[in-house]
Amino acid sequence: MKKLTLLAIIVVSCYAVTRAQEVKQDSIKNYKLDEIVIQSPKYNRNIFEIPAAATMVSERLIENSRVEDLTSISLVVPNFFMPDYGSKLTSPVYIRGVGNRINTPSVGLYVDDVPYFEKAAFNFDFYDVERIEVLRGPQGTLYGRNAMGGLINVFTKKPGKKQSTSVSVDYGNYNQIRSNVTHNQPLGKALSVQASLNQRHNDGFYENTFSQTEVDKINSYSGRVKALLSPSDKFNVLTSIQYEDSKQGGYPYALFDDQEMKAGDISYDKESIYNRQLLSAGVNMNYSGPGFSLRVNYSYQSLDDFQEIDQDFTPQSLFFVVQDQQLKMFAQEWNIESAKGGVYNWLFGTFGFKQLLDKAVTVEYGEDGLAKYKLPFSQYHYTKFYDNTNSGIAFFHQSTLDLGGFSLSAGIRADYEKATLDYVHDLFMNGNRNNADAFVSEMDFFEILPKVALKYSIDEYLVPYATVAKGYNSGGFNSTFERDEDRSFKPEHSWNYEAGVKAKWLQQRIYANLAFFYIDWVNQQIYQAVPSGTGSMLTNAGKSESKGVELELKALPARNLETWVNFGYNKAKFVEYVKNENEDYSGNYLPYVPQYSFNVGGNYHFNVRANWLDRVNIHLTYNGFGKHYWHESNEAYQSYYGLLNHRVSFDKDNITFSFWGKNILNATYNSFYFQALGNSYAQIGKPATMGVNLKISF
């Protein structure tokens with residue numbers, strides 16, 4: 001903590017020195033950094049006015065850094081980690097150490113104001129993304145969907161009043177092909193429609209040495225239609241519908257030696273796949289009345305996926321798993337908020353949802369599996385059926401009192417959820433069916449979640465703040481279990497403490513955000529393999545804590561040069577976690593949480609006086625990730641690794657041609673790890689990739 005305190009003193013001292021020099025810096029007033037504005041409906045204000053750590057990823061940074069899906073956000077947001085799982089099936093997200101691999105996510109996701117409830121829907125292809133906002137810490141007093149770790153808002157471009165078309169074509173090694181066409185069409189003064197088509201393909205980055213084929217090839221097709229109706233300045237309706245169909249090979253997992261800390265070759269006998277159809281639709285209505293605004297959102301999401309997976313990932317024919325699931329989600333949210341700018345501002349909201357999951361999982365024993373477990377059958381498999389319903393309603397409120405530079409916000413949320421599970425377990429032995437188990441269970445949860453935030457604007461250049469909020473993630477049923485005590489898991493609760501300062505220096509040529517945080521939570525939901533190793537479930541740890549610091553620094557040292565440094569330090573540990581009489585993990589680090597991460601980069605552009613070229617832009621970033629553990633035992637870990645990425649683009653009128661590269665130094669690291677069937681498995685990080693892109697707008 002001494003280092004963190006020293007860092008805070010340095011930041012404040014630099015402010016004092018540079019603030020005094022600003023009067024003498026008249027020669028640099030002609031250029032400054034763009035204002036950083038969080039434009040989500042609940043904030044819609046400069047990031048320096050928000051009493052919490054928040055990061056806005058702009059469209060320019062998304063394009064230059066080639067942020068193609070949610071996993072890429074790990075490269076630009078401190079203390080945000082989303083491991084590359086190898087498929088779109090499960091996409092765990094961790095913010096400040098808070099997150100889980102399966103079941104209800106601890107980090108919320110909204111895409112164009114449509115809440116995403118299922119992590120199998122988190123990993124979708126990005127295109128026409130206008131901005132991404134990452135809000136760290138609980139946001140339940142402002143948003144309908146409760147999220148303990150934080151919230152991600154993804155906004156795609158809205159329909160505009162001018163006709164326009166853009167075409168983008170991308171090609172890279174490993175036969176990576178991406179293409180996108182977007183057209184915006186006004187249909188009158190009040191109505192505009194925008195339609196996009198997107199395609200993605202690659203031959204795969206990893207080879208299965210057993211079959212000598214690539215295991216992770218993908219073909220994905222998606223489209224989006226949005227319509228904006230604005231009959232008056234006070235009322236508008238935005239509708240959107242998005243569909244994605246992806247067919248993916250999988251999975252690039254190899255046996256991992258925990259002693260040597262090294263992954264072997266990918267080698268297993270049966271081809272694995274993951275196919276998914278994802279549909280999301282929403283209607284957002286906004287009305288501005290005298291002194292207030294009203295927002296009403298209705299949304300629907302449908303996910304239909306199918307998975308076939310060689311569960312043992314070895315050349316032996318042990319287990320093969322087939323999973324088929326259909327998910328439907330309905331949600332609505334109402335918000336009424338006072339017009340900003342007065343002494344007292346308020347917001348009231350209500351949120352309701354219902355989620356229906358129909359899932360079937362079949363585990364087939366191969367010849368080697370029958371022999372290993374000495375089963376006296378020529379055919380043996382079992383199927384588990386899960387009919388799972390989750391529903392809930394929440395009421396939330398936040399009041400803010402602004403007195404000069406002093407601002408006090410207080411909010412509260414009442415959250416109720418109910419979960420039901422209709423479960424059937426059938427065994428098939430030599431073609432004969434036997435009903436092994438069946439039951440229906442219900443659970444419900446109710447929680448009151450308060451939040452208090454204090455902010456004081458010393459002036460427009462320096463804003464310290466402090467926030468205290470209670471976090472909560474409901475319990476539920478495991479979709480895979482083998483013992484009665486593992487049928488369900490408890491809710492997890494946390495208290496989140498954050499203090500920070502936001503500053504601008506040298507006529508807005510330097511922006512800085514510094515935040516310290518401490519999270520104290522109980523009954524943390526922990527991923528575990530089921531005893532047989534043929535599936536996963538959640539259990540609860542006793543007590544955990546996470547503490548650290550985040551620094552975001554952005555500067556314009558020269559007219560055409562933009563630089564930045566983002567740094568996150570996160571020390572997350574189990575305070576008390578006795579798994580059983582033989583396993584006590586108290587004091588160990590939480591898995592999947594890098595102890596630190598940073599992003600250093602620059603963007604330089606210069607104009608060219610030529611008939612065939614207007615401008616050249618050079619973008620270079622380096623991302624580092626500190627040591628992180630893969631299991632609560634802390635035996636297996638990933639040591640520090642760094643990724644160097646670049647993009648060089650050439651602009652002429654409405655045409656941009658660029659060269660890009662990711663991990664151009666071909667750093668070797670493991671991007672994922674898990675244990676099953678008494679073995680350890682890992683996925684090697686993606687190798688160096690590079691390519692070219694052509695974009696035309698007219």
Side-chain angles (χ1 to χ4, degrees), residues 1 3-4 7-8 11 38 47 50-57 61 65 67 70-84 91-101 105-109 122 132-139 147-153 465 467 469 471 494-502 512-521 524 544-554 564-573 589-601 621-629 637-638 640-643 671:
M1 290 301 294
K3 293 181 179 179
L4 303 183
L7 184 58
V11 170
I38 296 291
I47 200 169
I50 301 172
T55 299
M56 197 278 285
V57 185
L61 185 58
S65 299
V67 176
L70 210 56
T71 61
S72 304
I73 302 300
S74 300
L75 303 178
V76 294
V77 178
N79 285 332
F80 180 104
F81 188 62
M82 185 176 181
D84 191 341
S91 304
V93 179
Y94 298 87
I95 294 180
R96 294 176 171 175
V98 179
N100 51 42
R101 277 184 51 189
S106 300
V107 175
L109 172 66
F122 272 35
I132 303 167
E133 301 168 0
V134 180
L135 307 172
R136 295 184 279 282
Q139 304 292 326
M148 191 174 95
L151 197 68
I152 307 164
N153 280 317
Y465 69 90
T467 301
S494 69
W495 279 101
N496 300 256
Y497 307 90
E498 180 181 329
V501 60
K502 304 182 181 186
N513 298 320
L514 177 65
F516 301 88
F517 65 88
Y518 176 76
I519 303 171
D520 179 16
W521 84 92
Q524 181 191 0
S544 308
E545 68 175 12
S546 177
K547 53 189 175 183
V549 62
E550 294 154 354
L551 173 66
E552 296 178 276
L553 186 63
K554 190 176 182 181
W564 59 87
V565 177
N566 298 324
F567 175 80
Y569 170 75
N570 196 177
K571 186 177 182 180
K573 285 189 170 185
Y589 286 92
L590 302 187
Y592 300 98
V593 183
Q595 294 181 18
Y596 64 88
S597 61
F598 65 90
N599 169 246
V600 179
T621 61
Y622 178 80
N623 304 97
F625 296 92
K627 183 178 181 179
H628 51 279
Y629 296 93
Y637 60 87
Q638 171 60 52
Y640 170 83
Y641 66 93
L643 306 175
S671 62

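All of these numbers come straight from a predicted model, not from anything done at the bench.
Formation of a donor-acceptor pair under 3.5 Å by the T467 side chain with backbone atoms of A52 is not found in this model. Looking only at distances, no side-chain donor or acceptor of K502 sits under 3.5 Å from a matching main-chain atom of A53.
Annotation: the span from F598 atom CZ to Y622 atom OH amounts to 5.0 Å, rounded to 0.5 Å. Between the CG atom in L643 and the OG atom in S74 there is a gap of 10.5 Å [rounded to 0.5 Å]. One finds the CZ atom of F81 at 10.5 Å from the OG1 atom of T71 (value rounded to the nearest 0.5 Å). Between the CG atom in N513 and the CG atom in N566 there is a gap of 9.0 Å [rounded to 0.5 Å]. To the nearest 0.5 Å, atoms CE (M56) and CD (E552) are separated by 11.0 Å.
Partners of V77 according to the side-chain contact (heavy atoms from CB on, under 4.5 Å) rule, which considers only residues two or more places apart in sequence or in another chain, are T55, V57, I73, F80, V134, R136. Checked against ring-ring contact (aromatic ring centres under 6.0 Å, His included), Y465 has no partners two or more places apart in sequence or in another chain. Under the side-chain contact (heavy atoms from CB on, under 4.5 Å) criterion, Y637 pairs with M261, K627, Y629, S639, sequence neighbours left out. Shown here are the side-chain contact (heavy atoms from CB on, under 4.5 Å) partners of Q638, two or more places apart in sequence or in another chain: H628, W630, Y641, Y669, N670. In this view, A572 and S546, N570, L590, V593 satisfy the side-chain contact (heavy atoms from CB on, under 4.5 Å) rule, not counting sequence neighbours. A search for ring-ring contact (aromatic ring centres under 6.0 Å, His included) contacts involving Y596 returns nothing, not counting sequence neighbours.
Using a 4.5 Å cut-off on side-chain heavy atoms (C-beta onward), K547 and Y569 make no contact. The shortest side-chain heavy-atom distance between Y497 and F516 does not fall under the 4.5 Å cut-off. Using a 4.5 Å heavy-atom cutoff, the side chains of F122 and P92 are not in contact. A 4.5 Å side-chain heavy-atom check between N599 and W564 finds at least one atom pair inside the cut-off. Side-chain contact between F567 and P78 is absent, with no heavy-atom pair separated by less than 4.5 Å. Side-chain atoms of V98 and V107, non-hydrogen and from C-beta on, never get closer than 4.5 Å to each other. Considering only heavy atoms from C-beta on, V93 comes within 4.5 Å of I152 through its side chain.
Pairing each heavy atom of N79 with each of S597, the nearest pair is N-OG, 3.5 Å. Annotation for S494 and W521: closest pair CB-CB, 3.1 Å, computed over non-hydrogen atoms. Considering all non-hydrogen atoms of both residues, N496 and P138 come closest at ND2-CG, 3.4 Å. Heavy atoms only, all atoms of each residue included: L135 and A54 are closest at CD2-CB, 3.5 Å.
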